[in-house]
Amino acid sequence: MSSTETSPTLVKLSSTSPTSRVYLRSPHSTDAVNLFTRAKDPLCNTYVPFLQSDKCTLEGTYSTIKQWRKESYISSLILVIVNKANDTVIGDTGFQSLDFSTNFGELGIMIDSDPAIRGNGYAVEILDIMFSFAFNNLGLETVSFYTRGENIPMRTVLKKKFKLQEKFREEKGDWVYVADRYWWLNRRENGVIVDVVKEELTL
């Protein structure tokens, strides 16, 4: 892939792990209500002021999905998270920005506030799929993750589970975590081996 790509590519990503509980796929319009409902959940939008505002609407969510699909694999790659057990969407993740000229991606994630989902290792499983796809499939060299200081659960996951160093961005008032190819290879050498199967979907 390169920054000169002009045609979007929609995908489904699955982990090769036999214990994997989720797969990821490009969103479509039928996901709008699910995504909007989660965006308006106070337990999900605590650290995202825009989602709390009246500017975040269901109509806008439909438009956002269209934009995600238009930019998919060109300048971003946003995917919904599907629980294999019941084939329901439980969140979204992906690269809000992709720059193939510098091999850089900005990663994010939001999952359901349902206690059966949160706190049960889903975030780690999902992010491992995304990190694997970033370094093994997309050819990225650096992946950054930004989060607000108050988001202790996510900061804990990134620091404790992924062993990423954090740095405070005073001008933005948030924290940044940077993963690079060396970090990923080291993670694999320490026993975390996540390979991803990619399927292309029709536009």
Side-chain angles (χ1 to χ4, degrees), residues 13 21-68 71 76-86 88-98 104-131 133-134 142-179:
L13 306 182
R21 298 169 290 178
V22 300
Y23 66 85
L24 316 177
R25 63 163 171 79
S26 297
H28 43 69
S29 59
T30 56
D31 297 314
V33 173
N34 179 290
L35 292 170
F36 177 69
T37 301
R38 185 175 304 101
K40 287 304 184 182
D41 181 346
L43 295 177
C44 291
N45 67 22
T46 303
Y47 312 110
V48 190
F50 170 76
L51 299 183
Q52 302 169 23
S53 73
D54 293 337
K55 294 180 179 179
C56 177
T57 64
L58 179 57
E59 181 180 1
T61 303
Y62 280 104
S63 297
T64 297
I65 291 173
K66 288 182 181 179
Q67 191 66 25
W68 285 344
E71 297 175 348
S76 68
L77 179 62
I78 306 299
L79 307 168
V80 295
I81 304 159
V82 182
N83 189 339
K84 291 180 179 179
N86 51 22
T88 58
V89 174
I90 61 170
D92 60 273
T93 186
F95 299 101
Q96 292 97 328
S97 65
L98 275 176
F104 168 83
E106 178 186 337
L107 181 59
I109 185 173
M110 178 180 288
I111 59 176
D112 277 358
S113 61
D114 184 344
I117 302 298
R118 287 205 177 182
N120 287 289
Y122 279 90
V124 174
E125 181 179 341
I126 294 158
L127 290 176
D128 261 328
I129 292 173
M130 293 306 298
F131 281 127
F133 193 68
T142 307
V143 173
S144 291
F145 196 110
Y146 304 94
T147 189
R148 299 186 47 135
E150 310 96 294
N151 193 351
I152 301 300
M154 182 51 64
R155 292 177 63 193
T156 299
V157 165
L158 295 169
K159 288 191 296 182
K160 303 295 185 181
K161 299 295 185 180
F162 289 98
K163 310 298 183 184
L164 290 172
Q165 298 296 315
E166 64 179 6
K167 182 179 180 180
F168 181 65
R169 297 195 304 172
E170 188 170 354
E171 71 280 8
K172 299 288 186 178
D174 63 4
W175 293 84
V176 59
Y177 302 79
V178 179

Original post:
Under 3.5 Å, side chain of Arg148 to main-chain N/O of Trp175, donor-acceptor pair present?
Top reply: no
**OP:** Kindly write out the residues that satisfy side chain to side chain donor-acceptor pair (under 3.5 Å) with Asp174, not counting sequence neighbours, or none if the list is empty.
**Re:** Arg169
**OP:** Kindly write out the residues that satisfy side chain to side chain contact (heavy atoms under 4.5 Å, CB included) with Ala39, not counting sequence neighbours, or none if the list is empty.
**Re:** Leu51, Cys56
**OP:** Report the C-alpha separation of Leu24 and Val80 in whole Å, then their side-chain angles, then the decisive distance to 0.1 Å, and conclude whether the side-chain contact (heavy atoms from CB on, under 4.5 Å) test is met.
**Re:** CA-CA 6 Å; Leu24 316 177; Val80 295; over 6 Å; no
**OP:** Keeping to residues at least two apart or across chains, list the side-chain hydrogen bond (donor to acceptor under 3.5 Å, both in side chains) pairs with something in residues 21-32.
**Re:** Arg21-Glu125, Tyr23-Asp87, Arg25-His28, Arg25-Asp31, His28-Thr30
Original post:
Please, which pairs that meet side-chain hydrogen bond (donor to acceptor under 3.5 Å, both in side chains) have at least one residue in residues 52-68, sequence neighbours excluded?
Top reply: Gln67-Glu71
Subject >> Heavy-atom pair with the smallest gap, counting every atom of Ala179 and Phe131 >> reply: CB-CE2, 3.8 Å
Original post:
What pair of heavy atoms forms the shortest contact from Gly94 to Gln96, and how long is it?
Top reply: O-OE1, 3.5 Å
Original post:
Does a side-chain heavy-atom distance below 4.5 Å link Val143 with Val178?
Top reply: no
**OP:** State, to 0.1 Å, how close Lys84 and Val22 come at their nearest heavy-atom pair, and which atoms those are.
**Re:** CE-O, 3.3 Å
Subject >> Residue list, side chain to side chain contact (heavy atoms under 4.5 Å, CB included) with Ile152, at least two apart or on another chain >> reply: Arg155, Thr156
Subject >> Spatial distance of atom NZ (Lys40) from atom OG1 (Thr37) [nearest 0.5 Å] >> reply: 11.0 Å
Original post:
At what distance, to the nearest 0.5 angstrom, does CZ of Arg118 lie from CG of Leu43?
Top reply: 6.5 Å
Original post:
How long is the span from the NZ atom in Lys172 to the CD atom in Glu170, to the nearest 0.5 Å?
Top reply: 13.5 Å
Original post:
Looking only at heavy atoms, what is the nearest atom pair of Leu158 and Phe145, with distance?
Top reply: CD1-CD2, 3.5 Å
**OP:** Not counting sequence neighbours, which residues clear side chain to side chain donor-acceptor pair (under 3.5 Å) with Asp114? List them please.
**Re:** none
Subject >> Residues Val89, Asn83; criterion side-chain contact (heavy atoms from CB on, under 4.5 Å); working and verdict >> reply: CA-CA 6 Å; Val89 174; Asn83 189 339; over 6 Å; no
Subject >> Member of Ile78, Leu13, Ile109 meeting the side-chain contact (heavy atoms from CB on, under 4.5 Å) criterion with Thr93 >> reply: Ile109
Subject >> Partner set under side chain to side chain donor-acceptor pair (under 3.5 Å) for Ser113, not counting sequence neighbours >> reply: Asp41
Subject >> Spacing of CZ belonging to Phe133 relative to CD1 belonging to Ile129, to within rounding of 0.5 Å >> reply: 11.0 Å
**OP:** Quick one: list whatever passes salt bridge (charged side-chain N to carboxylate O under 4.0 Å, His left out) with Lys159, sequence neighbours left out.
**Re:** Glu166
**OP:** Not counting sequence neighbours, which residues clear side chain to side chain donor-acceptor pair (under 3.5 Å) with Arg38? List them please.
**Re:** Asn34, Asp112
Original post:
So does Glu150 have more than 12 non-hydrogen atoms from other groups sitting under 6.0 Å from CD?
Top reply: yes
Subject >> Option passing side-chain contact (heavy atoms from CB on, under 4.5 Å) with Ile111 (candidates Asn120, Ile90, Ile81) >> reply: Ile81
**OP:** Name all residues meeting the ring pair (Phe, Tyr, Trp, His ring centres under 6.0 Å) criterion together with Phe50; count only those two or more places apart in sequence or in a different chain, and write none if there are none.
**Re:** none
**OP:** Would you please name every residue forming a side chain to side chain contact (heavy atoms under 4.5 Å, CB included) with Asp128, sequence neighbours left out?
**Re:** Val124, Phe162, Trp184, Arg187, Val192, Val194
**OP:** Could you tell me which non-hydrogen atom of Ala116 sits nearest to which non-hydrogen atom of Tyr122, and how far apart they are?
**Re:** O-CE1, 3.8 Å
Original post:
Residues two or more places apart in sequence or in another chain: which of them pass side chain to side chain contact (heavy atoms under 4.5 Å, CB included) with Pro153?
Top reply: Tyr47, Asn151
